[in-house]
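All remarks here apply to the structure that follows.
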Amino acid sequence: MGTAGFIRGSFMLKFALLGCGRIAKRHAELLGTGQIAGAQLAAVCDVIPERAREYGERYGVPWFERMEDLLAETGVDVVSVLTPSGMHAAHTIAVAAAGKHVVVEKPMALRLDDADAMIRACDAAGVKLFVVKQNRFNVPVVKAREALDAGRFGKLVLGTIRVRWCRDQRYYAQDAWRGTWAQDGGIMTNQASHHIDLLEWFMGRVESVHARAVTALVDIEAEDTAVATLKFANGALGIIEATGATRPKDLEGSLSVLGSGGSVVIGGFAVNEIAAWNFVEPVAEDEEIKTKFSVNPPNVYGYGHQAYYEHVVDSLTNGSPALVDGLEGRRSLELINALYESIETGKEVRLRFQPKLSRLGGVK
C-alpha cells in the first residue's frame, strides 16, 4: 500500500485517476485543486495518451498511458477507477493486487460475478472498496434519509424515481463503448443507476421487478428508455421511469417517498431540490427545511462528489465504515440485472437470482 504523505502536519492521502474521460473532470477538479481536505491528486492515467497528458499537465502531476506504470507509483494510496463500466472489475482487481484502495465509479461492474470478484480481491489484499454513489450525499437526500431513520414516514407505501435527461447521438459518439452491452448498458445502468440506488436505499430490499424498455431516439445497442414496477419486501410498491430521450435538454432527476406518516419529493435535475416535504406530525424544522436544505448544483453531477470524497478520506484516516462499500454497491447492481432479465423475458423476476438472459456485460 502506498504511504500517505504529510503536508503542513496533516495526513495527506494521494489519489490517482485511472481513466480521463467525461466523469474524470469532476474528480480531478476536486482532488487537484485542494477542495478535499486530506487528499491530493498524485497521478493520472488513460490509454489515450492525449487525455492523460492534458490532465497531467493541467494539474501538474505525472501522467501514464499504461495502468501497470501507474500502479508502480509507490506514493499512490488510492486509485479512482473511472474507466468504462465493463472494465471496472479487471481494473479494480489489478489495483487491489497492487495494495491500493479503490474508489470505483458507478456501476461497480456490469456482471454480478465480476462484482463478487472485486469484493474478494479487495478483501484478500486488505484494501477498502468504495463505490461512487454521490447522490446519497446531496443535502436534501441526507435530510430525507434522516426523516426515514427517525421513523417519520411510518409504513412505506410507494417509492418512485424519474430520470428525464437528454443523451443524444453526440453523447454516445464521444466513445465507442457508450451504449454497448459489453461495456456500458443503457439508461438504467448508466444515468439512472444513482436513482435506482436511492430508491432501494430508501424503500428497502426489493422482492421482484417487472420492466420494459425501448431504444427510441439513438442508435445504440442498449435501451435509452425504460419503465419498471417493483415490489419491496416490506409490502411497498415502486416505479422506475428513466429515459435519455428527453429533448432538447435535461428535465429532471427525482425521487419520491410516500408513507403513512408523510411524503417527500426530491426533484430538480439531480435529486437536488426539495419539492415537497409533508408529514402527518410536523416538527419545528419542517418550516424552513425546503429552503434551508435545498441545493442547486451547476450540473447533473451536483455537489455530492465533494461530500463523497470527504467521506472516503474520513473512512481511510479514521477507520469509519464506508457508506457504499462493495456489498452495498452489489445490491443495486443485482437490482439492475434483474430489470434487464425482466426486459428479456417479459416476465416478473424475483431477486436473489443468477442472470441467464440479461445482455448486460455481454452475458448473452
Side-chain angles (χ1 to χ4, degrees), residues 19-29 51 82-86 105-107 110 132-138 140-141 159-199 211-228 238-256 265-275 294-305 308 332 335-336 339-340 343 359-360:
C20 296
R22 188 172 186 259
I23 189 60
K25 181 176 185 291
R26 183 61 175 151
H27 291 259
E29 286 175 347
R51 287 182 175 178
L82 313 178
T83 51
S85 301
E105 262 289 353
K106 56 77 184 171
L110 297 181
V132 178
K133 299 290 185 183
Q134 81 274 5
N135 284 346
R136 289 196 184 193
F137 293 85
N138 285 2
V141 174
T160 71
I161 58 167
R162 293 200 300 192
V163 181
R164 296 173 170 180
W165 285 354
C166 177
R167 295 295 182 270
D168 58 20
Q169 200 65 44
R170 290 173 298 177
Y171 167 84
Y172 289 100
Q174 292 179 73
D175 297 286
W177 56 267
R178 294 184 183 277
T180 64
W181 286 117
Q183 298 297 334
D184 189 23
I187 186 72
M188 289 193 299
T189 313
N190 197 325
Q191 291 77 28
S193 64
H194 286 301
H195 307 78
I196 291 172
D197 171 70
L198 288 180
L199 184 63
R212 297 177 183 271
V214 297
T215 309
L217 297 183
V218 289
D219 182 17
I220 59 173
E221 291 179 3
E223 85 291 348
D224 69 353
T225 302
V227 295
I239 297 173
I240 293 172
E241 175 194 327
T243 184
T246 306
R247 298 294 185 266
K249 60 183 180 180
D250 294 338
L251 183 60
E252 71 170 308
S254 64
L255 165 73
S256 300
V265 178
I266 305 174
F269 55 81
V271 280
N272 61 288
E273 297 178 1
I274 296 177
S294 187
V295 178
N296 296 295
N299 53 54
V300 294
Y301 298 135
Y303 291 133
H305 276 101
Y308 183 84
S332 60
L335 173 53
I336 289 171
L339 292 167
Y340 281 112
I343 289 168
R359 286 182 279 181
L360 191 60

(request) Could you walk me through whether Arg167 and Asp250 pass the salt bridge (Lys or Arg N to Asp or Glu O under 4.0 Å) test, one step at a time? (result) CA-CA 8 Å; Arg167 295 295 182 270; Asp250 294 338; 3.4 Å; yes

Distance (rounded to the nearest 0.5 Å) between [X] [atom1] and [Y] [atom2]:
{"X": "Gln183", "Y": "Leu110", "atom1": "CD", "atom2": "CG", "value": "7.5 Å"}
{"X": "Leu255", "Y": "His194", "atom1": "CG", "atom2": "NE2", "value": "14.0 Å"}
{"X": "Glu252", "Y": "Ile161", "atom1": "CD", "atom2": "CD1", "value": "11.0 Å"}
{"X": "His195", "Y": "Asp197", "atom1": "NE2", "atom2": "CG", "value": "10.5 Å"}
{"X": "Asp219", "Y": "Asp224", "atom1": "CG", "atom2": "CG", "value": "10.5 Å"}
{"X": "Leu360", "Y": "Thr180", "atom1": "CG", "atom2": "OG1", "value": "10.0 Å"}

(request) Tell me, with the steps shown, if Val141 and Leu198 meet side-chain contact (heavy atoms from CB on, under 4.5 Å). (result) CA-CA 9 Å; Val141 174; Leu198 288 180; 4.0 Å; yes

(message) Could you check whether any side-chain heavy atom of Glu241 comes within less than 4.5 Å of a side-chain heavy atom of Arg164, counting everything from C-beta outward?
(response)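 Heavy-atom side-chain distance check passes, below 4.5 Å.
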
(message) Would you say that Phe269 contacts Lys249 through its side chain, given a criterion of any heavy-atom pair below 4.5 Å between the two side chains?
(response)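 No; the side chains remain at least 4.5 Å from each other.
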
(request) In sequence, state the C-alpha distance, the side-chain angles, and the governing distance for Ile196 and Leu339, and then conclude on side-chain contact (heavy atoms from CB on, under 4.5 Å). (result) CA-CA 11 Å; Ile196 291 172; Leu339 292 167; 4.0 Å; yes

(request) Establish, yes or no, whether a centroid distance under 6.0 Å links the rings of Tyr340 and Trp181. (result)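 Yes: the rings meet the under 6.0 Å criterion.
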
(message) Are more than 12 heavy atoms, taken from residues, nucleotides or ligands other than Arg247, located less than 6.0 Å from that residue's CZ atom?
(response)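 Enclosed: over 12 neighbouring heavy atoms sit under 6.0 Å from CZ of Arg247.
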
(message) List the residues meeting ring pair (Phe, Tyr, Trp, His ring centres under 6.0 Å) with His27, not counting sequence neighbours, and say none if there are none.
(response)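 In terms of ring pair (Phe, Tyr, Trp, His ring centres under 6.0 Å), with neighbours along the sequence ignored, His27 is linked to His305, Tyr309.
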
(request) Could you give me the CA-CA distance, side-chain angles and deciding distance for Arg178 and Ile220, then say whether side-chain contact (heavy atoms from CB on, under 4.5 Å) is met? (result) CA-CA 8 Å; Arg178 294 184 183 277; Ile220 59 173; over 6 Å; no

Write down the atom of [X], the atom of [Y], and the distance for their closest heavy-atom approach.
{"X": "Ala228", "Y": "Ala211", "value": "CB-CB, 3.7 Å"}
{"X": "Asn135", "Y": "Ala270", "value": "OD1-O, 4.4 Å"}
{"X": "Pro107", "Y": "Ser85", "value": "CD-OG, 3.3 Å"}
{"X": "Ile266", "Y": "Pro140", "value": "CD1-O, 3.6 Å"}
{"X": "Lys106", "Y": "Lys133", "value": "CB-NZ, 3.9 Å"}
{"X": "Asp184", "Y": "Asn190", "value": "OD1-ND2, 3.1 Å"}

(request) Could you pull out all residues at least two apart from Glu29 that satisfy salt bridge (Lys or Arg N to Asp or Glu O under 4.0 Å)? (result)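 Applying salt bridge (Lys or Arg N to Asp or Glu O under 4.0 Å) to Glu29 gives Lys25, Arg26.
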
(request) Give a yes or no answer on whether the side chain of Glu223 reaches the backbone of Ile187 with a donor-acceptor pair at less than 3.5 Å. (result)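 Yes.
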
